[in-house]
Amino acid sequence: PGILGRDVSGQEISVPEPEDLIFEAGPGARMDQDGCKIYAEVDGQPSLNALGKVSVLSELEITGDVDFKSGNIDFQGNLIVKGSIKEGFKVKAASLTCKQVEGGQIELSGDLNCSAGIINAKLVKVNGTIQAKYVNNSIVDSFGDMIIQNEIIDSIIQLSGRLINSRGSILSSQICAKGGIE
């Protein structure tokens with residue numbers, strides 16, 4: 001429990017009672033009978049979402065692009081694409097690491113990490129953090145933060161977190177970031 005504090009004028013500041021965190025076991029995990037421990041049921045990467053659900057996610061690696069060769073991807077784990085997500089293809093996964101999104105549709109319950117950028121994407125819907133070098137002519141929705149290294153051009157971006165683009169530029173875009181814009 002916390003202790004009473006004081007503001008600059010000497011008035012006491014009360015501290016709310018601490019709350020116990022409530023965790024749930026998600027896919028690939030199970031909770032013990034006491035509800036005190038969560039165990040992995042499959043090999044993979046542990047993940048904690050914003051609602052307190054602990055999951056263990058398996059991993060799928062695509063050595064090339066998501067295109068006609070691979071088709072659309074719907075995977076309940078971490079997806080690593082060594083190439084790009086091409087125009088007209090859909091990816092649904094827990095998290096995605098790729099080189100670039102080139103016009104595809106993305107729906108993730110976790111994070112999106114693009115080593116290059118997001119271009120001509122019709123809808124990028126992410127519940128976690130987005131990291132990319134640039135965003136161009138795309139529609140992006142995220143519950144987390146967005147970290148962009150270079151520019152944002154001709155895009156519509158809605159974030160529950162904050163937009164961090166400290167060195168880049170923003171041109172001809174609509175941006176709504178609940179956590180603010182840097």
Ignoring hydrogens, what is the shortest heavy-atom contact between [X] and [Y]? Give both atom names and the distance.
X: Ser14; Y: Leu4; result: CA-CD2, 3.6 Å
X: Val140; Y: Met146; result: CG1-CE, 4.0 Å
X: Ser142; Y: Gly128; result: OG-O, 2.8 Å
X: Ile152; Y: Ser155; result: CG2-CB, 4.1 Å
X: Asp65; Y: Lys86; result: OD2-CE, 3.2 Å

Checklist line | With sequence neighbours excluded, residues passing salt bridge (charged side-chain N to carboxylate O under 4.0 Å, His left out) with Glu17 | finding: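 Glu17: no salt bridge (charged side-chain N to carboxylate O under 4.0 Å, His left out) contacts found.
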Under the side-chain contact (heavy atoms from CB on, under 4.5 Å) rule, collect the residues that match up with [X], sequence neighbours excluded.
X: Glu19; answer: none
X: Ser9; answer: Asp7, Gln11
X: Ile22; answer: none
X: Glu182; answer: Arg162, Ile164, Ser166

Say you draw a straight line from [atom1] of [X] to [atom2] of [Y]; how long is it, rounded to the nearest 0.5 Å?
X: Ser115; Y: Lys133; atom1: OG; atom2: NZ; answer: 7.0 Å
X: Lys125; Y: Asp141; atom1: NZ; atom2: CG; answer: 7.5 Å
X: Cys176; Y: Ile156; atom1: SG; atom2: CD1; answer: 12.0 Å
X: Leu159; Y: Ile181; atom1: CG; atom2: CD1; answer: 8.0 Å
X: Ile130; Y: Ile157; atom1: CD1; atom2: CD1; answer: 8.0 Å
X: Gln131; Y: Gln149; atom1: CD; atom2: CD; answer: 8.0 Å

Common cluster, [X]/[Y], ILVMFWY with side-chain heavy-atom separation under 4.5 Å:
X: Ile3; Y: Ile13; result: no
X: Ile38; Y: Leu48; result: yes
X: Ile73; Y: Val124; result: yes
X: Phe143; Y: Leu108; result: no
X: Ile139; Y: Ile106; result: no

For residues 54-63, tabulate all N or O donor-acceptor pairs below 3.5 Å that involve a side-chain atom, not counting sequence neighbours.
none

Are the side chains of [Y] and [X] in contact, using a 4.5 Å heavy-atom criterion?
X: Gln100; Y: Cys114; result: no
X: Leu112; Y: Ile118; result: yes
X: Lys122; Y: Glu87; result: yes
X: Leu163; Y: Ile170; result: yes
X: Val91; Y: Val101; result: no

Sequence neighbours left out, cut at 3.5 Å: what donor-acceptor pairs do the side chains of residues 28-35 make with other protein atoms?
from: Asp32; atom 1: OD1; to: Asp34; atom 2: N; distance (Å): 3.4
from: Asp32; atom 1: OD1; to: Gly35; atom 2: N; distance (Å): 2.8
from: Asp32; atom 1: OD1; to: Cys36; atom 2: N; distance (Å): 2.9
from: Asp32; atom 1: OD1; to: Lys37; atom 2: N; distance (Å): 3.2

Ignoring hydrogens and angles, write down the donor-acceptor pairs under 3.5 Å from the side chains of residues 74-84, residues two or more places apart or on other chains.
from: Asn78; atom 1: OD1; to: Ser95; atom 2: OG; distance (Å): 2.5
from: Asn78; atom 1: ND2; to: Gln45; atom 2: OE1; distance (Å): 2.6
from: Ser84; atom 1: OG; to: Glu102; atom 2: OE2; distance (Å): 3.3

Next item on the list: For residues 78-135, pull every pair meeting ring-ring contact (aromatic ring centres under 6.0 Å, His included), keeping only residues two or more places apart or in separate chains.
Entry: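 The answer is Phe68-Phe89.
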Item checked: ring-ring contact (aromatic ring centres under 6.0 Å, His included) pairs, two or more places apart, involving residues 17-47 ->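 Listed once each, the pairs would be none.
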Check: Would you say the side-chain atoms of Asp145 pair up with the backbone N or O of Thr129, donor to acceptor, closer than 3.5 Å?
Finding: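 Side chain of Asp145 to backbone of Thr129: no pair is present.
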Check: Does Ser172 have any side-chain hydrogen bond (donor to acceptor under 3.5 Å, both in side chains) partners at least two apart in sequence or in another chain, and if so, which?
Finding: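 For Ser172 the side-chain hydrogen bond (donor to acceptor under 3.5 Å, both in side chains) partners, ignoring immediate neighbours, are Asp154.
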Notebook entry, point to check: Does Asn137 have any side-chain hydrogen bond (donor to acceptor under 3.5 Å, both in side chains) partners at least two apart in sequence or in another chain, and if so, which?
Noted result: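 Asn137: side-chain hydrogen bond (donor to acceptor under 3.5 Å, both in side chains) contacts with Asn120.
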